[in-house]
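These notes concern the structure reproduced below.
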Amino acid sequence: MMARNISVCKYNAIMPLRSYSTSFSVKGKVGIRLNFENEVKCLDDAVTLFHRMVRMKPLPVFGQLFKTMINMKHYASVISLFREMRKLDIPIDEFILNNVINNYCLMHRVDCAFSLLPIYLKSGIPFDVVTFTTLIRGLFAENKVINAIVLFKKLVRDKICEPDEIMYGTVINGLSKRGHTQKTLSLLRLMEQGNTKPNIYIYNIVIDAFCKDRHLDAAINLLNEMKQKGIPPDIVTYSSLIDGLCKLGQSEKVKTLLSEMVNLNIYPDVYIFTMVIDGLCKEGKIEDAEEVMKHMVGKGVEPDIMTYNAIMDGYCLRGQLYRAKRIFDVLIGKGIEPSIFSYNILINGFCKEKKVAEAMQLFVEISQKGLKPDTVTYNTILHGLFEVGRIGDAKRVYAEMLSVGPKPNICTHSTVIDGYFRYGLVEEAMSLFKKLERKRENTNIAFYTVVINGLCKNGKLDEAHSVFEKLSLIGLPPDVRAYNTMITGFCLQGLLDEANSMLRKMEKNRCLPNNVTYNVFVQGCLRWSKFSEMRTFMKEMADRGFSFDASTAGFLVNVVRENPSVLDMIPELHSKNKY
DNA sequence: TTAGGGTTAG
């Protein structure tokens, strides 16, 4: 296979170029554009063509070659060819510069993209809306949201360039993908007052943001609004809405929207069918999902890897791993390449069922198939290995990840620290925790809760409490899980007063206790025979509409079995309706 | 040359 690719590349590179050229005229400039789209199949072709182009007279247009290389993701080579052009004194135009800026943005080097701006000034090339739209997208891609907005506002305020629909779309999309849904709506409203009116793209981005936030009412209001304004919704509008409704399990509304779009002659594509299939699978209705898959094939829409991934995940969620694996074999049989998601889904399925040997086999297969395990793969395997107590293997996999794998994220750190604590490796857990704190790694409240829980479970309540106390100081106010973990720690040690004052503290800090909070406290009372406190507490619990969970009920059964007089000490336990 | 929709992990 490889040998054939090389020979095709060499053949393409020596094709006579003149026969593929056309002349064009833009803004009064005449040039020769080479029509090579189907001829440049690999980097070799592109570089060979570049070296032929630089010798041509008159010089042809280079921008399209760069665009082709960007599409092939040969970003570093674009930069070296651009530098070569500069050395050869080949004139640069706005197409080349905009493409190189885009290239740097795609490399996540927006700083380098900005450093090209002086070339525009030196070469007398005016900045245009494309340049700035590309830079704004580059800033968003690196999560530099404030910089993106500052740049956008400066462009408008200083009248450097008039934003078009695409620039607005880029800003609104950047904001929506980073959780600023309300701001996307504000910008849409702002557009209504200006010269550039919101179009279908703008509406679709805002509708999608509301759907992702599960605010389907707001999304449907916008759908009606765009219809009223004479902007007809398209397949993307419907796909966002259908996905949002599927994720909320509102199958009746999904059916309504599906028939509405078909009435408008918009037919569901593989995206929409996959969303419906995924929604059904997540609800455990795989038989229905399989029916939808048959239906789509009947309509001439072929399932792709994401459709199969949804079905595989559905079977994994029901613990039917071997059916999931059969789907995996079927898609390979059909010539569909599994993605890293396919492997992750199966590995997760096997790990959840504690079949870690099978999971490890798939993990090894990933590299053999020319794919690379990603952070999710490592996190899933690490969790699976710790879960079954294969600590040595977990440590080996973690070391492999640190040396040759993807960069660990907060989920990796939480999994490893939790794993260490669970097997009493307190020193290793704390040393990793302190190292991450020193490096100012990204942390969140869930990560700290893992540490607090680990310390509590290993009898280090004071240390856990001091970590808990500093949470608000470092800008991570404890959530209900963090409070529950700390309350559990106090209850395990019999410090019921401290647990109670923690419960009052959470209410004072406007973090409402939940069913777990009360159950943890009740179990603490039972464990330490604090029956009078328990009676007071049970009343508060019932008043707030909470009840015993399965864990408390099991605990209670054991306590009563050992000491039946508990039932006399807590007469409320006879009241079956309440507890 | 620059904007919109689908899958996995703690």
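Residue numbering restarts at 1 for every chain, and letters A, B, ... go by the order of the sequence lines.
Taking atom CZ of residue A:F447 and atom P of nucleotide B:dG10, one finds them 17 Å apart after rounding to whole Å. One interatomic measurement links the two molecules: CG of A:L331 to C1' of B:dT7, which rounds to 13 Å at whole-angstrom precision. For the pair A:M167 CE and B:dT2 P, the interatomic distance rounds to 14 Å; values are reported in whole Å. Atom CG of A:N409 and atom C1' of B:dG10 are 9 Å apart (whole Å). The distance between atom CD of A:E387 and atom P of B:dA9, rounded to the nearest whole Å, is 15 Å. Spacing between atom CG of A:L257 and atom C1' of B:dG5 amounts to 14 Å, rounded to whole angstrom units. Taking atom CZ of A:F273 as the reference point, atom P of B:dT7 lies 17 Å away to the nearest angstrom. B:dG10 atom C1' lies 12 Å from atom CZ of A:F386, rounded to whole Å.
Pairs passing the salt bridge (Lys or Arg N to Asp or Glu O under 4.0 Å) check and including a residue from residues 356-366 of chain A, sequence neighbours excluded, read A:E365-A:K369.
A salt bridge does not link A:K334 with A:E302: none of the charged nitrogens is closer than 4.0 Å to a carboxylate oxygen. Salt bridge status for A:K229 with A:E192: present, with a side-chain N to carboxylate O gap under 4.0 Å. Looking at A:R396 and A:D393, a side-chain N of the basic residue comes within less than 4.0 Å of a carboxylate O on the acidic one, giving a salt bridge.
Using a 4.0 Å heavy-atom criterion, one finds that A:I340 contacts no nucleic acid atom at all. Looking at heavy-atom distances under 4.0 Å, A:I272 makes contact with a base. Counting non-hydrogen atoms under 4.0 angstrom, A:L135 reaches nothing in the nucleic acid. Here A:M275 lies in heavy-atom contact (under 4.0 Å) with sugar-phosphate atoms only. Within 4.0 Å (heavy atoms only), A:D418 reaches no atom of the nucleic acid at all. Residue contacts for A:S414: at a heavy-atom cut-off of 4.0 Å it reaches a base atom on one of the strands shown. Residue A:V270 is in base contact, counting any heavy-atom pair closer than 4.0 Å across all strands shown. Across all strands shown, A:T377 has no heavy atoms under 4.0 Å from either base or sugar-phosphate atoms. Contacts of A:T274 with the nucleic acid, taken as non-hydrogen atoms under 4.0 Å apart, include base atoms.
The aromatic rings of A:F328 and A:Y343 lie perpendicular to each other, with more than 60° between the two planes, well past the 30° mark.
Nearest to the side-chain atoms of A:I410 among the listed nucleotides B:dT7, B:dG10, B:dG6 stands B:dG10. Among B:dA9, B:dG6, B:dT2, the nucleotide with an atom closest to any side-chain atom of A:M306 is B:dG6. With distances taken from any side-chain atom of A:D304 to the nucleotides B:dG6, B:dG10, B:dG5, the minimum falls on B:dG6. Side-chain proximity of A:N379 to B:dG5, B:dT2, B:dA9: nearest is B:dA9. Each of B:dG5, B:dT7, B:dT1 was ranked by its minimum atom distance to the side chain of A:K67; first place goes to B:dT1. Side-chain proximity of A:N99 to the nucleotides B:dT1, B:dG5, B:dA9 is greatest for B:dT1.
A:D243 and A:S240 share no side-chain donor-acceptor pair at under 3.5 Å. For the residue pair A:Y267 / A:D269, no side-chain donor-acceptor distance below 3.5 Å is found, with atom types taken as modelled. Looking only at atom types and distance, the side chain of A:T170 has no donor-acceptor partner in the side chain of A:N173 under 3.5 Å away. In this structure, a donor-acceptor pair under 3.5 Å is present between the side chains of A:Y120 and A:N98.
A:K435 NZ: 12 or fewer foreign heavy atoms inside a 6.0 Å radius. Within 6.0 Å of atom CZ in A:R422, more than 12 heavy atoms from other residues, nucleotides or ligands are found, so the atom counts as buried in its surroundings.
Of the residues in residues 229-240 of chain A, those lying under 4.0 Å from DNA chain B by heavy-atom distance are A:D234, A:I235, A:V236, A:S239, A:S240. Within residues 103-112 of chain A, no residue is approached by DNA chain B to less than 4.0 Å at the level of any non-hydrogen atom.
Taking 3.5 Å as the limit, the base of B:dG5 and the side chain of A:D269 contain a donor-acceptor pair of atoms between them. For a distance-only test at 3.5 Å, the side chain of A:N344 qualifies as a donor-acceptor partner of the base of B:dT8. Between the side chain of A:T134 and the base of B:dT2, no donor-acceptor pair of N or O atoms lies under 3.5 Å.
Checking the phosphate oxygens (OP1, OP2) of B:dG5, no side-chain nitrogen or oxygen of A:K247 falls inside 4.0 Å. In this model, the phosphate group of B:dG10 is approached by a side-chain N or O of A:K352 to a distance below 4.0 Å at OP1 or OP2.
Paired with A:C316 under the rule side-chain contact (heavy atoms from CB on, under 4.5 Å), one option of A:I347, A:I327, A:L346 passes, and it is A:L346.
Under the stacking definition used here (centres under 5.5 Å, planes under 30°), the residue A:F341 qualifies as stacked on the base of B:dT7.
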